[in-house]
Amino acid sequence: MTREEFDVYLEKFNGRDYQGFLEYFADTFEMVHVGGSLKSREAVKKFYAFLHAYIKESVIVDRFVSDASTIALEARVRIEGVRELSPETVAASDYPKLKPLAVGQTAVIPQFIHYHLENGKFVKVVCAEL
């Protein structure tokens, strides 16, 4: 996947076009990040619907490398609280590893994101904080 093709995917992700960015995923996949391990389109939509009800999130790519089977990037994930994500809300959610965030609070989280591709589709995505 070229950087230009990836940027189209990223625009869909940053724009909350869940159906659009999920078109880049294979029928069977795994997405691993602080929210846990997500293995279906429904699980991804559920997680991001929850997360984005509380935070505004955008991914900024700093370094990008790709070939036919791999995309590796260093990125900054910028989050901003738009609705209070309290410790109680996190504890009651399906995503207990999330960190609480107050309205207006911002954070920039450096990440390494690794995509495994098969036939041009994502089969595994791993996001790790740097």
Side-chain angles (χ1 to χ4, degrees):
M1 177 177 284
T2 67
R3 174 64 193 262
E4 291 76 20
E5 292 167 326
F6 184 82
D7 284 346
V8 173
Y9 158 79
L10 189 58
E11 281 180 36
K12 291 176 189 238
F13 178 83
N14 284 338
R16 310 297 172 260
D17 179 357
Y18 303 126
Q19 192 63 37
F21 87 75
L22 284 168
E23 290 175 4
Y24 289 78
F25 286 77
D27 291 338
T28 302
F29 67 87
E30 181 180 21
M31 178 187 284
V32 181
H33 52 59
V34 72
S37 174
L38 308 173
K39 296 182 179 180
S40 71
R41 284 169 171 70
E42 295 75 29
V44 170
K45 288 177 186 178
K46 180 182 173 191
F47 171 73
Y48 282 112
F50 173 83
L51 185 69
H52 292 154
Y54 295 93
I55 71 163
K56 180 180 176 183
E57 175 185 31
S58 58
V59 177
I60 303 117
V61 176
D62 294 316
R63 290 181 177 81
F64 177 92
V65 178
S66 71
D67 62 24
S69 62
T70 305
I71 298 171
L73 54 98
E74 290 180 13
R76 289 169 284 142
V77 178
R78 184 183 186 284
I79 59 173
E80 177 182 352
V82 294
R83 182 173 152 206
E84 172 115 16
L85 182 56
S86 69
E88 296 79 18
T89 301
V90 171
S93 77
D94 292 333
Y95 316 105
K97 293 182 182 178
L98 292 176
K99 293 184 171 74
L101 194 68
V103 173
Q105 183 180 2
T106 63
V108 177
I109 306 160
Q111 289 195 350
F112 175 73
I113 307 173
H114 187 199
Y115 296 80
H116 298 246
L117 291 89
E118 289 180 10
N119 300 317
K121 299 280 188 173
F122 304 150
V123 293
K124 187 165 188 175
V125 180
V126 179
C127 304
E129 289 187 29
L130 293 175

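Bear in mind the structure is a predicted one, so any value in this text is a computation, not a measurement.
Nearest approach of Thr70 to His114, heavy atoms of both residues: CG2-NE2, 3.2 Å. Residues Arg16 and Ser58 approach most closely at NH2-N, 4.5 Å, considering heavy atoms. Shortest non-hydrogen contact noted between Glu30 and Ser37 is OE2-OG, 2.6 Å. Counting all heavy atoms, side chain and backbone alike, Ala26 lies closest to Val123 at CB-CG1, 3.7 Å. In plain terms, the two heavy atoms of Leu73 and Ala75 that are nearest each other are CD1-CB, 3.5 Å. Pairing each heavy atom of Val125 with each of Ile113, the nearest pair is CG1-CG2, 4.0 Å.
By the 30° and 60° cut-offs, the orientation of the rings of Tyr18 relative to His52 is parallel. Ring geometry for Phe50 against Tyr95 counts as tilted: the plane angle lies between 30° and 60°, on a 0 to 90° scale. Ring pair Phe122/Phe6 is tilted by interplanar angle, where 30° to 60° counts as tilted.
More than 12 non-hydrogen atoms from other residues, nucleotides or ligands lie less than 6.0 angstrom from CG of Asp62. Residue-environment remark: CD (Glu118) stays at or below the threshold of 12 foreign heavy atoms within 6.0 Å.
Side-chain heavy atoms closer than 4.5 Å link hydrophobic residues (I, L, V, M, F, W, Y) into clusters, and following such links, possibly through other members, connects Val61 to Leu117. Taking hydrophobic clusters as Ile, Leu, Val, Met, Phe, Trp and Tyr residues chained together by side-chain heavy-atom distances below 4.5 Å, Val32 does not share a cluster with Val59. Taking hydrophobic clusters as Ile, Leu, Val, Met, Phe, Trp and Tyr residues chained together by side-chain heavy-atom distances below 4.5 Å, Tyr9 does not share a cluster with Phe112. Val82 and Phe13 fall into different hydrophobic clusters, where Ile, Leu, Val, Met, Phe, Trp and Tyr side chains are chained together by heavy-atom contacts under 4.5 Å.
Considering NE2 of His116 and CD1 of Ile71, their distance stands at 11.0 Å, rounded to 0.5 Å. Atom-to-atom distance recorded for Asp7:CG and Asn14:CG is 10.0 Å, nearest 0.5 angstrom. We find the OH-OG distance between Tyr54 and Ser86 to be 7.0 Å, quoted to the nearest 0.5 Å. For the atom pair CD (Gln105) and CD1 (Ile79), the distance works out to 7.5 Å, reported to the nearest 0.5 Å. Distance CD/Gln111 to SG/Cys127: 5.5 Å, rounded to 0.5 Å. Here Ile55 contributes atom CD1 and Tyr48 contributes atom OH; the two are 9.0 Å apart, rounded to the nearest 0.5 Å.
A side chain to side chain contact (heavy atoms under 4.5 Å, CB included) with Met31 is found for exactly one of Leu22, Leu38, Val126, namely Leu38.
No side-chain donor-acceptor contact under 3.5 Å links Gln19 and Lys12.
Here the side chain of Lys121 pairs a donor or acceptor atom with the backbone of Glu23 at under 3.5 angstrom.
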- [ ] Determine, step by step, whether Tyr115 and Phe29 satisfy the side chain to side chain contact (heavy atoms under 4.5 Å, CB included) criterion, reporting the C-alpha distance in whole Å, the side-chain angles of both residues, the deciding distance to 0.1 Å, and the verdict.
- [x] CA-CA 11 Å; Tyr115 296 80; Phe29 67 87; over 6 Å; no
- [ ] Please report the C-alpha distance between Lys99 and Val90 in whole Å, then the side-chain angles of each, then the deciding distance to 0.1 Å, and finally whether the side chain to side chain contact (heavy atoms under 4.5 Å, CB included) criterion is met.
- [x] CA-CA 7 Å; Lys99 293 184 171 74; Val90 171; over 6 Å; no
